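Computed from a predicted structure; not experimentally measured. Just so it is clear: chains get the letters A, B, ... in the order the sequence lines come, proteins before strands, and each one is counted from 1.
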There are 2 protein chains.
Amino acid sequence: MGGSEAAPDRPGRPLVRKFDQRLNKLIATIYPDERRRPGYSRLAKEISEKTGGTISGTYLWELATGKKRNVTLEQLDVLAEFFGVPPEYFLNDEAAERIDAQLALAVALRDAKVRNLALRAEGLSPASLDALITMVDEARKVQNLSPIDDDDTGTKAPPGGR
Amino acid sequence: MGGSEAAPDRPGRPLVRKFDQRLNKLIATIYPDERRRPGYSRLAKEISEKTGGTISGTYLWELATGKKRNVTLEQLDVLAEFFGVPPEYFLNDEAAERIDAQLALAVALRDAKVRNLALRAEGLSPASLDALITMVDEARKVQNLSPIDDDDTGTKAPPGGR
DNA sequence: CCGCAGCATCCGCTGAAGTGGACAGTGAAC
DNA sequence: GTTCACTGTCCACTTCAGCGGATGCTGCGG
């Protein structure tokens, strides 16, 4: 694979220049596990279901790969709402970095709480654990996370702080 | 003729809802004198010349009157650059209010004599400044200028303002 | 082995973003 | 009065944001 990407011609205003990077970063932040990351079509469907707006898998791909960049405000709003960031994330560099930090922190906190939850769950009766598992699954649905099939394979989340 | 069009037609995402108001406010801020304000065509030409981007007078009118609202990022950038505001101005309410205050000050300071006055006023005692403010208000009355409600920085401006 | 399911990628189309030019109205200079 | 420069408003047109659907590929269960 001759890795050298063709010099990406980056015409247009500076605002639009980094759109693909931002979008990919958001996707990677929400789905840290690359194997379980849904494809663009599925992702588009989840976005539509959660936000009530419409977006197509094809268009998501075009945005993520940089083939299209000049989004309209309506789509920007849909994307921002789904990923849980203010729309300025896509516009301003400083805002993007700051929000990135918040996102990373939120993910880290989530992990810590998950560990905490696991510690506290130890010793509960199987019936109680089953009830909790059901509740967690419902919560995952609400937060548009991929459902966990059976038992966790033990793949730990990479602590690589990036 | 009797058809009173109050323009209650406001569909779409919340992001896009107030675009016309924001744009009109910006124009009114940059050109405070209504009589000397250039038309949309001329304004469009100035925008194109200053920012290097392209925008048409017709489109400006459509945006200002609310006939079109779903702008693309490229146009958003052009408008923001011309009016001297960050693009978030069109997206976020708080940012808009905050920037409005700065903008009014900047426009006031565009007048060299006003700037001079402000420089000289620095360091005066609050009592002296109050006296000067009263005098300026009286002068405004004499010259039939719209009165300034109150000038406090930091707190948000009263909503529903026009 | 074969289907099936999901993936990235592309192609062609619809509709809306965005433009150019025409029209009528207004106030100032003549 | 007429003319001019300018305006707001509209409409026909071009361009591209955005979408549906077809393609070939890979992995998985039968």
Base, sugar-phosphate, or nothing for Thr54(A), non-hydrogen atoms under 4.0 angstrom?
sugar-phosphate

Integer-rounded Å distance: dA17(D) C1' and Glu62(A) CD:
9 Å

Can you check the Leu63(B) CG to dG8(D) P distance for me, whole Å?
14 Å

Please tell me which of Leu43(B) and Leu60(A) maps to the more 5' nucleotide of DNA chain D, matching each residue to the nucleotide holding its nearest heavy atom.
Leu43(B)

Glu62(B): which of Lys68(B), Lys67(B), Arg69(B) passes salt bridge (charged side-chain N to carboxylate O under 4.0 Å, His left out):
Lys68(B)

Tell me, for nucleotides 20-29 of chain D in 5' to 3' order, what letter each nucleotide earns: B for a base near a protein heavy atom under 4.0 Å, S for only sugar-phosphate near one, - for neither?
BB--------

Output for pair (Ile27(A) CD1, Tyr40(A) OH), nearest 0.5 Å, gives 5.5 Å

Using a cut-off of 4.0 Å on non-hydrogen atoms, how would the nucleic acid contact of Gln75(A) be classed: base, sugar-phosphate, or nothing?
sugar-phosphate

Please report, rounded to the nearest Å, how far the C1' atom of dC19(D) is from the NZ atom of Lys68(A).
9 Å

Please list, in 5' to 3' order, the outermost nucleotides of DNA chain C lying under 4.0 Å from any heavy atom of chain A.
dG6(C) to dC11(C)

Tell me: OH of Tyr59(B) to P of dC10(D), nearest whole Å?
17 Å

Just so I know, are the side chains of Leu60(A) and Leu23(A) near enough to count as touching, which here means a heavy-atom distance under 4.5 Å?
yes

Mind checking whether Phe83(B) and Thr29(B) have side chains closer than 4.5 Å, heavy atoms only?
no

How many whole angstroms separate atom CG of Asn70(A) from atom P of dC16(D)?
10 Å

Does Leu91(B) reach the side chain of Leu73(A), with side-chain heavy atoms less than 4.5 Å apart?
yes

Side chains of Leu76(B) and Phe19(B) in contact at under 4.5 Å (non-hydrogen atoms)
yes

Enter the distance from Leu63(B):CG to Phe90(B):CZ here, rounded to the nearest 0.5 Å.
9.0 Å

Would you tell me if any nitrogen or oxygen in the side chain of Trp61(B) comes within less than 4.0 Å of OP1 or OP2 on dG8(D)?
no

Should Tyr89(B) and Leu79(B) count as side-chain neighbours, where that means a heavy-atom distance under 4.5 Å?
no

Whole-Å gap separating P (dC10(D)) and OH (Tyr40(B))
12 Å

Between Asp93(A) and Arg22(A), is the closest basic N to carboxylate O distance under 4.0 Å?
yes

Atom CG of Leu76(B) and atom C1' of dA17(D): how far apart are they, to the nearest Å?
16 Å

Once you round it to whole Å, what is the distance between P of dA17(D) and CG of Leu73(A)?
14 Å

